[in-house]
Amino acid sequence: MLRAIKTTPLHRFSSLTSISRSISTLILAEHDGGAIKSQSISAVEAAKSLDKQTSISLLLAGSGPSLQQAAAHAASCHPSISQVLVADSDKFTYPLAETWARLVQLVQKKGEYSHIITASNSFGKNILPRAAALLDVSPITDVIAISASNQFIRPIYAGNALCTVRYSGSNPCMLSVRSTSFAVSVDSSKCNEAPISQVDLSTFDEDSVGKSRYVNHTAQDTERPDLGNAQVVITGGRALKSAENFKMIEKLAEKLGAAVGATRAAVDAGFVPNDLQVGQTGKIVAPELYMAFGVSGAIQHLAGMRDSKVIVAVNKDADAPIFQVADYGLVGDLFEVIPELLEKLPEKK
């Protein structure tokens, strides 16, 4: 059961009784290319906020050498990780929600964790609701702060208000956390290796995982930084008018070593693929520098980038909402501004 309570300043939160006498956390981790994704490491950082003495286990699933490489990386990527659990089977070659949800149910039955945490990205959003349904609990999504083991803060109304939620249900308390709110500042070279254990899959019921099947996976072949973790993001809106014009954004990103983002309107118009969408229904980003060209600043888009450290906006409409959150704004025609920037910026070394 979830109960929303009146939002109060962080310094006024009273200490609450722990949701259980012993805090133990399971992190549902995503890996790629033999390494743990940074969003999953941020989930470990979030778990530290539950309790200083919490035991943190990292769950990995997959098959083949890349899984073993990812397990080795997981064991030494963060000092707070107590153990790494590995589910090695062809059933987990692709991260389908049905198989993962059944795996979480199996691991929870054996480990009896008080909390289960994953990143609030496509991986976590795909798995968490189904796993929560199997465990008969209510998940709490998009957590941006943890004030106690059963009290959390999450944005509502597209980030225009913050809601404090107290969890009073049975274990496990299941959370998805915004990685941009739990920055990782750990020197992995100084971490001790956590033990790696294999998950016993002898009782895993393959026939009950549903009728979904993996079809294919497509990804852009680019050397640009990942949008979710980039320090600089250059975003274009519908004002660019065409996919051909959107290439100006890509050229500018190449010069600045930045990731490319887009508004939902630009994605819906077919200028770029939907994995570049920034916003409430896209990716949540918080780079050091966010540059928006031809972006009006709809509330759904602002929800995905308003935590950026420095926001620069270029729009020919002086009344565009994006200027209300921008640190620097330029009222001008992007078709004149971007070529001038491309001309004056030095080539990336």
Side-chain angles (χ1 to χ4, degrees), residues 39 97 119-126 129 141-142 155-160 176 178-180 212 215-222 224-230 232-254 256 258-287 289-308 311-326 329-339:
Q39 294 95 326
S120 186
N121 55 9
S122 57
F123 172 81
K125 291 176 181 178
N126 194 28
T141 59
D142 272 347
I156 57 174
Y157 304 129
N160 285 290
S176 68
R178 285 194 180 182
S179 56
T180 54
S212 296
V215 177
N216 63 12
H217 176 260
T218 58
Q220 287 188 305
D221 185 15
T222 176
R224 286 194 296 266
D226 176 66
L227 177 58
N229 306 310
V232 181
V233 174
I234 313 294
T235 293
R238 182 167 47 189
L240 282 151
K241 299 180 180 180
S242 70
E244 185 65 28
N245 290 336
F246 207 94
K247 291 180 180 178
M248 293 192 299
I249 297 291
E250 297 173 354
K251 290 179 181 178
L252 185 59
E254 288 175 5
L256 294 175
V260 171
T263 63
R264 178 167 182 170
V267 169
D268 289 346
F271 299 169
V272 289
N274 59 10
D275 60 335
L276 298 184
Q277 181 181 329
V278 174
Q280 186 177 16
T281 55
K283 293 184 177 179
I284 308 295
V285 300
L289 173 63
Y290 186 88
M291 300 182 71
F293 293 89
V295 176
S296 63
I299 188 172
Q300 292 83 0
H301 182 77
L302 297 182
M305 46 66 70
R306 67 192 319 151
D307 290 333
S308 303
I311 300 173
V312 177
V314 177
N315 199 301
K316 64 180 181 181
D317 180 6
D319 297 322
I322 188 71
F323 289 124
Q324 296 178 13
V325 299
L330 175 62
V331 179
D333 188 343
L334 63 87
F335 292 104
E336 297 176 0
V337 174
I338 296 179

note = Nearest heavy-atom contact between Q39 and S179 is CG-OG, 3.6 Å
key: Distance in Å, K283 NZ paired with N229 CG, rounded so as to fall on 0.5 Å steps   = 8.5 Å
Contacts of type side-chain contact (heavy atoms from CB on, under 4.5 Å), residue A266, not counting sequence neighbours = F246, A262, T263, F271
ask   = Between L227 and L276, what is the shortest heavy-atom contact and its length?
value = CD2-O, 3.6 Å
ask   = What's the spacing between F323 CZ and N315 CG if we round to 0.5 Å?
value = 5.0 Å
query = Hey, is the main chain of D142 close enough, under 3.5 Å, to the side chain of S176 for a donor-acceptor pair?
reply = yes
note = Between V325 and I311 the two heavy atoms that sit nearest each other are O-CD1, 3.6 Å
message = Let's go through T281 and R264 carefully: what are the C-alpha distance in whole Å and the side-chain angles of both, what is the deciding distance for side-chain contact (heavy atoms from CB on, under 4.5 Å) to 0.1 Å, and is it a yes or a no?
response = CA-CA 8 Å; T281 55; R264 178 167 182 170; 3.7 Å; yes
ask   = Between S120 and R178, what is the shortest heavy-atom contact and its length?
value = CB-N, 4.2 Å
request  = Start with the C-alpha gap between K241 and F335, add the side-chain angles, then the distance that decides, and say whether side-chain contact (heavy atoms from CB on, under 4.5 Å) holds.
outcome  = CA-CA 11 Å; K241 299 180 180 180; F335 292 104; 4.3 Å; yes
query = Taking atom CG of L302 and atom OG of S296, what is their separation to the nearest 0.5 Å?
reply = 8.0 Å
note = Heavy-atom nearest pair, P129 first then G124, reads CD-O, 4.1 Å
task = Evaluate whether atom CZ of R306 has more than 12 neighbouring non-hydrogen atoms of other residues, nucleotides or ligands under 6.0 angstrom away.
result = yes
ask   = Is any side-chain heavy atom of H301 less than 4.5 Å from a side-chain heavy atom of V295?
value = yes
message = Using 0.5 Å steps for rounding, measure from the CG atom of L252 to the CD1 atom of I234.
response = 5.0 Å
Atom NZ of K251 with >12 non-hydrogen neighbours under 6.0 angstrom = no
note = Residues A259 and A253: closest non-hydrogen pair is O-CB, 4.4 Å
ask   = Of all residues at least two apart in sequence or in a different chain, which pass the ring pair (Phe, Tyr, Trp, His ring centres under 6.0 Å) check with F123?
value = W100
remark   = CG (L330) and CG (D333) are apart, to the nearest 0.5 Å, by 10.0 Å
message = Using the rule side-chain contact (heavy atoms from CB on, under 4.5 Å), only one of I338, L256, T235 pairs with M291; which is it?
response = L256
query = With sequence neighbours left out, what residues match A303 under side-chain contact (heavy atoms from CB on, under 4.5 Å)?
reply = A158, Q280
From CD (E254) to CD1 (I249), nearest 0.5 Å = 12.0 Å
